[in-house]
Amino acid sequence: MFPEVASQSPLLQNLNDEQLAAVTLPNEHALILAGAGSGKTRVLTTRIAWLLSTGQVSPGGVMAVTFTNKASKEMMTRLQAMLPVNVRGMWIGTFHGLCNRFLRAHWKLANLPQGFQILDTQDQLSAIKRVMKQFNVDEERFPAKETQWFIAGCKEDGLRPNVVETRSDDDRRKVEIYQLYEDQCNREGVVDFGELMLRSYELLRDNDPIREHYQRRFRHILIDEFQDTNKLQYAWIKMLSGLANDGQMHEAGSVFAVGDDDQSIYAFRGARVGNMADFVSEFRVRHQIKLEQNYRSHSNILDSANELISHNKKRLGKNLRTDQGPGEPVRVYEAPTDLAEAQWMVEEMRHLVRGEGAEPGVPRHEIAVLYRSNAQSRVIETALFNAAVPYRVYGGLRFFERAEIKHALAYLRLLENRNDDTSFLRVVNFPPRGIGARSIEQVVDAARVAGCSLHDAVSATTGKAGANLTAFVARIDAMREQTVNLSLREIIEIMLQESGLIAHYKSERDGADRIENLEELVNAAESFVTQEGFGRDVVAMPVDELSPGMLRQSPASQGLDPSQPEVNEPAPDYVPPDAETGETLSPLAAFLTHAALESGDNQAQAGQDAIQLMTVHAAKGLEFDCVFVSGLEEGLFPSERSMTEIEGLEEERRLMYVAITRARKRLYLSYSQTRLLHGQTRYNVRTRWFDELPEGALKWLTPKNQNFGGSAFGYGSGYPSTRSNGFSSGFASRETFASPQVPAQKTEPSHGLKAKMKVFHTKFGEGTVISLEGQGADARAQVNFPRHGIKWLALSVAKLTPVT
DNA sequence: ACTTCGGGAGTTTTT
DNA sequence: CTCCCGAAGT
């Protein structure tokens, strides 16, 4: 479209053909299939910069959506580096962050209180428990966790209680709880994460002027990680982009969706890969570009990934290539025990860090250990700890999720909103002030009768046992008055003292860390306030401020064609109904919102050069020079629960694909014959993924056992024996293995069952063995019966006869 | 009000 | 086995 621009602009230099084509696509819907390590973020940011600097759109006309705060920050940073533009003022953010911003601007129309606060997952669970207790729901039959999952699932599908389909009494009861929970949230003026999305969607859907305004305004909507969008997010995008439910196109912007179906690993939380195909057909996408050039890994690693993922049936189709040479082979290691596997990894790491011969050492933070489930980190940590190797585990509690921080935030929320019963209950007796379950029950009852908040119920009742409660409420109210017009920092400092939190932790044995964290909260607030634009990301922004004018540099100064096309956007003075321009949230409310939307770092001891430990899920989007993928065993990876469905198995394969593609130079794959799980030793077979990798790219550090895992016998004898696999004798010795661990004595299985075997049970009929565990009297088999589902059967009890 | 005991569960996770 | 929650005991 602008060939002369393409050749001139410094922005577009060093892009490959595919990337350049994607960046300079015309203003129409497009799908970019971006493989791992193909420069996806670069394409997204350059696309925005190019649109802006060629004058095709002004900053106010761009919306860029990501899933994580990290990704949106990255995008802003890189965009800022390319162009002199006020990125904070642009609509770049997470789905939830942008929905929040939208709802802050239109809180009245959205039927929300101005300072509505956001419930995180913990808060949501306790709110649900509260509802269920109040309405005497049997927690045995309806576990709170499941109810929470149900409600979140409904919202992800865009369903309100009145439209959820019910088939059983249990369904109806669940929907009833959903409705009661909604009522409670509305009464208390809080929204959960799903609600942020759903409310925004509904407001766009139901309010024509608002919808039309934003449709006209956002000329370009860019979506990152499109394969992770759920049903509601897809509908939201459709609404904003003018493709309304009637199938009609309205005057609106175009959607630039970037994703990779091969890296879709979040189906369990509502992500629909199908959105990619739907997008192509519903939006009549004419521009599809594949980014297949990989800049990350050597070809042995890439070939392995390609070969593995080619076993998936449902794909849009993509094959990564690299200009880098084959590099090192992918190293495969079999260990006798999980501990031995961990010790081998640690030893290998020490070699890597030290460096060998002319090779310089690898920095520790360039080495990652990936595993399927968090439980697997323990044994690896033990080995690292014993060897005194510094390491860092990802995925613990994040800063704003720590108990002491949640307590402090609860006090702050009560200052902001006295109706926040979740916060009230969290701190009414913390620090302990003699308010027991009995007293709390009374207030809860009183509040229900009066239909008011707990706070108000206390002031309304003059009970005998209520002296402590009255004192508590008085203290909160006094704090609220005392902190009027004070700075955020002062408010928090006063709260920390007056609440008694500091005093309480001072008297506690190991309260020092907690006090430190509380002090860190003050710092977090301070830097939030001094941030440029003062929490712009969470505050409603006057709408007229968003119109042309944020990009003042002339396009010519960017070396671009000055004869830019007309920018077609709403007039700068247009203000959509209800956007109370100039009206801002209090610093406190803004900070609380920030805390809910961005739960902070979850990496302990940042800064130190340490080995990185994380789940494969957590590793998505990251890359390392050296990667260990551990615990590659049937039942673990793929996980037991995924193995019964093809869909589940394909997602596990994608997960493995993600794991492999994290590595730049060196990849290790390892597994163990035995593993301590749930307190007992399990005998595992190596994962089926090994049969889907190109043998030529692999190097077996331990001999590959031909007796097991081969296709002839299917998977999982369940009991590979030490003697038959030649482990103890034919041990490849280059790998430093301080003391080869001999596995515990094992007896041969007597039942003669194998996975995939067809068996007959007198009661359940014919079924297929999925897996086996334990031995002797404890031996159990997991069997899938077509009529009765999956059962665990103790072999000493159940009579299973092999069917030939 | 605080401690201790027992039962049950134990993929993956961001907002 | 180990962690967490809820309930009973002191």
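Lettering follows sequence order; numbering is per chain, from 1.
- Looking at heavy-atom distances under 4.0 Å, A:Ile435 makes contact with sugar-phosphate atoms alone, never a base.
- A salt bridge is defined here as a Lys NZ or Arg NE, NH1 or NH2 lying under 4.0 Å from an Asp or Glu carboxylate O, and A:Glu188 with A:Arg130 meets this definition.
- A salt bridge (Lys or Arg N to Asp or Glu O under 4.0 Å) check over residues 194-203 of chain A, counting only residues at least two apart or in different chains, returns the pairs A:Lys155-A:Glu195, A:Arg160-A:Glu195, A:Arg160-A:Glu202, A:Glu195-A:Arg199.
- Taking 4.0 Å as the cut-off between side-chain N and carboxylate O, A:Arg269 and A:Glu156 do not count as a salt-bridged pair.
- At whole-Å resolution of the value, CG in A:Leu119 and C1' in B:dT14 are 16 Å apart.
- Comparing the P positions of C:dC5 and B:dT12 gives a spacing of 16 Å, expressed to the nearest Å.
- At a threshold of 4.0 Å, the pair A:Asp261-A:Lys314 does not count as salt-bridged, since none of the basic side-chain nitrogens sits closer than that to a carboxylate oxygen.
- Using a 4.0 Å heavy-atom cutoff across all strands shown, A:Asn69 reaches sugar-phosphate atoms only and no base atom.
- Judged by distance alone, the side chains of A:Asp192 and A:Gln124 do bring a donor and an acceptor atom under 3.5 Å apart.
- Evaluation of the salt bridge (charged side-chain N to carboxylate O under 4.0 Å, His left out) rule for A:Arg675 yields A:Glu341, A:Glu633 as partners, not counting sequence neighbours.
- Between A:Phe95 and A:Trp236, the two ring planes are perpendicular [angle over 60°; tilted spans 30° to 60°].
- The CG atom of A:Leu597 sits 9 Å away from the P atom of B:dT15 (whole-angstrom rounding).
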Distance-only donor-acceptor hits, side chain of residues 137-144 of chain A, under 3.5 Å, sequence neighbours excluded:
unit_1	atom_1	unit_2	atom_2	d
A:Asp138	OD1	A:Glu140	N	3.0
A:Arg141	NH2	A:Asp170	OD1	2.6

Inset, instruction - Using a 4.0 Å cut-off on protein heavy atoms (strictly under), produce a 5'-to-3' string for nucleotides 5-13 of chain B with B for base contact, S for backbone-only sugar-phosphate contact, and - for none. - result: -----BBBB

Inset, instruction - Take nucleotides 2-10 of chain C nucleotide by nucleotide from the 5' end and write B, S or -, depending on whether a protein heavy atom sits under 4.0 Å from the base, only from the sugar-phosphate, or from neither. - result: -S--S----

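- Comparing the C1' positions of C:dC3 and B:dT14 gives an interatomic distance of 24 Å, to the nearest angstrom.
- Within 4.0 Å (heavy atoms only), A:Gly434 reaches sugar-phosphate atoms of the nucleic acid but no base atom.
- Applying the salt bridge (charged side-chain N to carboxylate O under 4.0 Å, His left out) criterion to A:Asp262, with sequence neighbours excluded, gives A:Arg315, A:Lys318.
- Along DNA chain B, the nucleotide closest to A:Ala437 and the one closest to A:Glu401 are compared, and the more 5′ of them pairs with A:Ala437.
- Note: CD (A:Gln233) to P (B:dT14) measures 15 Å, nearest angstrom.
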